[in-house]
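For reference, the structure is listed below as structure tokens.
Because the structure is predicted, anything quoted here is derived from the model rather than measured.
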Amino acid sequence: MGDVVFDNNRAPVEINTDKKVRRSTVLGKLIEIIASENEERQDLKRDPAEVLNKIEHNQLITYKWLVDSYIENSILVDSSMRQLNKDINGGTTKLKRQMNIFYRESLAKFQIATRPVDLGKLRELADFVVEDIMKRAKSFVNNSSDLGDGYFDEDISWGIELVTSYSIIECIVLENPNVNN
């Protein structure tokens, strides 16, 4: 086989040819629950100043809209988390652990120190980190066996959006302003 060369490349290039066995995932199950719900948009019951503080602390700009998505759908997310715990023992704990793994993998990808967290570099790259986490989560779900026929790419994208926004709100993804001040 010959080598592949990318001249003047300014972004990471990832070519994945691994063949995997599709397995059930907690994240896939939650996306299935979210996509199956018929909830109307509801207001967030959390203190908005606290949420905005998290966004400003991490200097999230491009993906700040994710928080609005969570605010509009917080009741759906909360009820889906309760259902996940009914369906899977410790489901939300497993979900948070997986989202945190995606976060740490993204920090490593962008060479952001974690002990202690290089907050300056994280703030500079926060939007890229969030985008990378969403890509990792979508790939993870697409490779899981949970979602069968009847779920569309739009369902998956929306579910990933809500799970990522939940992870930001809960400080699983990005840094907690109460810890890093």
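The two residues Gly90 and Asn85 come nearest to each other via the heavy atoms C-OD1, 3.7 Å. For the pair Ile55 and Ile168, the tightest heavy-atom approach, listed with the atom from each and the gap, is CD1-CG2, 3.9 Å. Here the closest heavy-atom approach between residue Leu107 and residue Leu122 is recorded as CD2-CD1, 3.9 Å. When all heavy atoms of Tyr166 and Leu95 are compared, the closest pair comes out as CE2-CD2, 4.4 Å.
Every residue meeting the side-chain hydrogen bond (donor to acceptor under 3.5 Å, both in side chains) condition with Asn100, not counting sequence neighbours, appears here in chain and number order: Arg104. Remark: Glu124 engages no residue in a salt bridge (Lys or Arg N to Asp or Glu O under 4.0 Å) (not counting sequence neighbours). By the salt bridge (Lys or Arg N to Asp or Glu O under 4.0 Å) test, Lys109 pairs with Asp132, sequence neighbours left out. By the ring pair (Phe, Tyr, Trp, His ring centres under 6.0 Å) test, Phe140 is found to be paired with Phe102, residues two or more places apart in sequence or in another chain being considered. In this structure, the side-chain contact (heavy atoms from CB on, under 4.5 Å) partners of Tyr63, at least two apart in sequence or on a different chain, are Leu60, Trp65, Leu66, Asp127, Val130, Glu131, Met134.
We find the CG-CH2 distance between Asn73 and Trp158 to be 5.0 Å, quoted to the nearest 0.5 Å. Note: Leu162 CG to Ile31 CD1 = 7.5 Å, rounded to the nearest 0.5 Å. With rounding to the nearest 0.5 angstrom, the CG atom of Leu125 is 11.0 Å from the CD atom of Gln59. Between atom CG of residue Asp118 and atom CD of residue Glu175 there is a gap of 10.5 Å, rounded to the nearest 0.5 Å. The CD atom of Gln83 lies 13.5 Å from the CG atom of Asp78; values are rounded to the nearest 0.5 Å. Between the CD1 atom of Ile61 and the CZ atom of Arg123 there is a distance of 11.5 Å, given to the nearest 0.5 Å.
Side chain of Lys121 to main chain of Gln111: a donor-acceptor pair is present (N/O by atom type, distance under 3.5 Å, no hydrogens or angles). In terms of modelled atom types and a separation under 3.5 Å, the side chain of Ser139 and the main chain of Lys135 share no donor-acceptor contact. Here the side chain of Ser79 pairs a donor or acceptor atom with the backbone of Leu76 at under 3.5 angstrom.
A 4.5 Å side-chain heavy-atom check between Tyr70 and Val67 finds every atom pair outside the cut-off.
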*In sequence, state the C-alpha distance, the side-chain angles, and the governing distance for His57 and Leu174, and then conclude on side chain to side chain contact (heavy atoms under 4.5 Å, CB included).*
CA-CA 9 Å; His57 176 73; Leu174 298 180; over 6 Å; no
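A salt bridge (charged side-chain N to carboxylate O under 4.0 Å, His left out) check over residues 81-96, counting only residues at least two apart or in different chains, returns the pairs Lys29-Asp87.
Within 6.0 Å of CZ in Phe110 there are more than 12 heavy atoms belonging to other residues, nucleotides or ligands.
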